[in-house]
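Here the structure comes first, spelled out in structure tokens, and everything after it is commentary.
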Amino acid sequence: MEELDELEELMEKNFGDETAPPTETFQKKMEISFPKTLLSRGMDNRYLVLAVNIVQNEVGNHEKHLTITASQSLGDKELCILRNDWCSVPVAPGDIIHLEGDSISDTWIVDKDFGYLILYPDMLISGTSVASSIRCMRRAVLSETFRKSDHTTRPMLIGTILHEIFQKAVSDSFAPEKLQELALHTLQETRHLKEMYRLNLNQEEIKQEVEEYLPSFSKWAGDFMHKDMSTDFPQMQLSLPSDDSKDNSTCNVEVVKALDIEESIWSPRFGLKGKIDVTVGVKIHRGYKMKYKIMPLELKTGKESNSIEHRSQVVLYTLLSQERRPDPEAGLLLYLKTGQMYPVPAKHLDKRELLKLRNQMAFSLFNRITKSASGKEKIQLAPLPQIIEDYQTCKYCSQVDNCALSSRAFEQQMDDGSVPVSMLPKIMEETQHLQLAHLEYFRLWCLMLTLETQSKENRKNHQNIWLIPASEMEKSGNCIGNLIKTENVKTACDGQYLHNFQRKNGAMPVTNLMSGDKIILSGEERALFVVARGYVKKINTTTVTCLLDRNLSVHPESTLFRLDLEEKNCDIVTPLGNLSKLMENIHASKRLRELIIDLREPQFTSYLSSVLPHDAKDTVACILKGLNKPQRQAMKKVLLSKDYTLIVGMPGTGKTTTICTLVKVRKFTQISRNLQRRKFADQSPLNL
DNA sequence: TCTCTGCCAAGAGGA
């Protein structure tokens, strides 16, 4: 019932009359769906949009006027005027927004030169996602929705390995013999070896390809890393927004040191998140002037494209950086193949356009359900961003299958001309293996899973970390604030650090936190939130021990930390990914579709002897001894099964026991089969 | 009001 109410509220929110003034009931609803504490002023301001009006100004241009409030009572209203392209932001009454810029006498103005509006700022979207939306918004939205357990490719693996080598070298040395050593070491790591095995790649071949990059690493270090004579750094064209316009735009860039690698930043100010490859301290020499900046350095191992996507990623990282330190105003883009480095100034125009893309994406991801235009109460998935007509982009798109599938399942039956005719053949080609029943199944379960997330959306808690002080959150039992580090940080293993914390004054508060809980660690200060993530290892009345993914010994002893439970959100990423996989044009999926959608009856073999090896019989009989008759019958059925067997039973009738036994039997028969195979191999002349 | 289920993550490169 409660979920239905929430759903109705949602509908109301999406389809309320945009221009109507907020009525009493509307305000009441808003109070229910957005707890008052989530509105705030200041740096992390959160405004609730009460009304949206399109207004024509004196010059005849359109403006969007938002009536907004950040006050608890919703009574204290302010005005936000959106000009120029900002008019296109899909903002509606009931939305939460964040505003950057200045407000003069309770009026905010966001135009092409000043200010930003961030829609649903607590929805954090990754920088790479936003950058990928430049070419195709639909692809960006689809890859957030169907995050397939995508297979790594060879170039990706090499990219990952090279990133790691560079990141190690930057805090160690770029001397050729050192690089060689770091490369060898990295190539030997189990996770990389596993990937090579999966991709059926030759280790020596990968090693060779990796080694080809190393001279460029050294060249880059020679060109840009700190040295005594600061005269021969390569010339670069870079002017920062804060530079004097009369100044020469040519400068020398000197990388003084690396401050962090893989720095993970969440920015609820810009609604973004991401990981910065390398955070570097840079001296910019211009004539006799010098500026010191801490900038993001983004590494790329592929073609030296200096593409808009790559540059945008850097611009977005300059926004993330502002969570932790002063505005870097620019970032660096380094192509590891050649050692060529490009400076990327973060201009207002670029930031504005990227944040507008982020808003569009946030809109699509937030409003996933709509009422159908024709049917009165019919609930359905909201339309995805439109299909683009760019054969080149689609050719290399990792989401073509989901794109075509969604088009067939959701769009083509609407027949509203939203699908470009020229793309129809491609869509048919991608989906010709699916029958109507399959599309119907896909449509139904996409909707059901999406409805499930929407009904649970409000329970997400991580915005509490930046919107609610620890002292307040502690009352819920899911947070502990006012913590300081005690003892030294111990390295548990690669990328796992053991930390001890104690209350600065007094004992631990009453808490629900237990050993094994997933937690987010932040500084009590704004600049340090989500500084690490990990698990509670041990907790008692005085000390909490955590295993974290970052070493916090770099922070001063006096730093105050808070620890928040990372609540499990409703995760439909996996089920949606599976749903997408079920529709793939591969044999395994075809078989599963037959069984699951077409309801083909499962098949069984007739004799156990054909599934159990001869010499395994006694042992299997022995394993089965502990089971009762119905359990043994179930086991037999499972062993004879070619497709699947459903075991149905009341609680406590022993389904789990049966499954455990099944695992034992499978394991044993596997061993016994392998032994047989080995015997055969030993006898064969090839000696496999 | 509590239980259960699906969860490591943002980016690795391609044009």
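A note on names: the letters A, B, ... follow the listed sequences, proteins ahead of strands, and every chain is numbered from 1. The figures here come from the full heavy-atom set of this structure, side chains too, leaving out hydrogens, waters and symmetry mates.
As judged by a 4.0 angstrom heavy-atom cut-off over every strand, A:Asn578 is placed among residues making no nucleic acid contact. Within the nucleic acid shown, A:Tyr317 comes within 4.0 Å of sugar-phosphate atoms alone, with no base atom in reach, counting heavy atoms only.
Here the P atom of nucleotide B:dA12 and the CG atom of A:Leu162 are 12 Å apart, to the nearest Å. Going from atom CD1 of A:Ile520 over to atom P of B:dC7 covers 19 Å, rounded to whole Å. Between the CD1 atom of A:Ile261 and the P atom of B:dA9 there is a distance of 21 Å, rounded to whole Å. Between A:Lys581 atom NZ and B:dG6 atom C1' there is a gap of 16 Å when expressed in whole angstrom units. Between A:Arg191 atom CZ and B:dA9 atom P there is a gap of 17 Å when expressed in whole angstrom units. The CG-P distance, from A:Leu124 to B:dA10, rounds to 9 Å in whole Å. For A:Phe166 and B:dG13, the CZ to C1' distance is 18 Å, given to the nearest whole Å. Protein atom CE of A:Met123 is 13 Å distant from nucleotide atom P of B:dA10, rounded to whole Å.
Comparing A:Thr393 and A:Glu262 against DNA chain B, the residue whose closest nucleotide sits nearer the 5' end is A:Glu262. Of the two residues near DNA chain B, A:Ile276 and A:Lys337, the one whose nearest nucleotide lies more 5' is A:Ile276.
A search for side-chain contact (heavy atoms from CB on, under 4.5 Å) contacts involving A:Thr491 returns A:Tyr497, not counting sequence neighbours. For A:Thr160, the side-chain contact (heavy atoms from CB on, under 4.5 Å) partners at least two apart in sequence or on another chain are A:Glu164, A:His192. Under the rule for a side chain to side chain donor-acceptor pair (under 3.5 Å), A:Ser476 has no partner lying at least two apart in sequence or in another chain.
A perpendicular orientation is assigned to the rings of A:Phe174 and A:Phe217, their planes being inclined by more than 60° (bins at 30° and 60°). Aromatic ring pairs are classed by plane angle as parallel below 30°, tilted from 30° to 60° and perpendicular above 60°; the pair A:His310 and A:Tyr335 is tilted.
Nearest to the side chain of A:Thr152, among B:dG6, B:dA12, B:dA9, sits B:dA12. The side chain of A:Lys303 sits closest to B:dA15 out of B:dG6, B:dG11, B:dA15. Checked against B:dA15, B:dC8, B:dA10, the side chain of A:Lys518 finds its nearest nucleotide in B:dC8. Ranking B:dA10, B:dG13, B:dA15 by closeness to the A:Lys273 side chain, first place goes to B:dA10. For A:Thr301, taking side-chain heavy atoms from C-beta onward, the closest of the listed nucleotides B:dG11, B:dG6, B:dG13 is B:dG13.
Taking only side-chain nitrogens and oxygens, A:Lys275 never comes nearer than 4.0 Å to OP1 or OP2 of B:dA9. For A:Tyr335 and B:dG13, the shortest distance from a side-chain N or O to OP1 or OP2 is not below 4.0 Å. The shortest distance between the side-chain N/O atoms of A:Ser126 and the OP1/OP2 oxygens of B:dG11 is below 4.0 Å. A close approach under 4.0 Å does occur between a side-chain nitrogen or oxygen of A:Thr128 and OP1 or OP2 of B:dG11.
The two residues A:Arg358 and A:Val130 make their nearest non-hydrogen contact at CG-CG2, 3.9 Å.
Sequence neighbours left out, the pairs with a member in residues 396-407 of chain A that pass salt bridge (Lys or Arg N to Asp or Glu O under 4.0 Å) are A:Lys148-A:Asp401. Among pairs with a residue in residues 125-142 of chain A, those fulfilling salt bridge (Lys or Arg N to Asp or Glu O under 4.0 Å) read A:Arg135-A:Glu309, A:Arg138-A:Glu411, at least two apart in sequence or across chains.
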*Starting at the 5' end of DNA chain B, write a dot or bracket for each base, bracketing those in Watson-Crick or G-U wobble pairs whose two distances are under 3.5 Å and using | for partners on another strand.*
...............
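In the interface, the side chain of A:Glu298 is not paired with the base of B:dG11 through any donor and acceptor atom under 3.5 Å apart.
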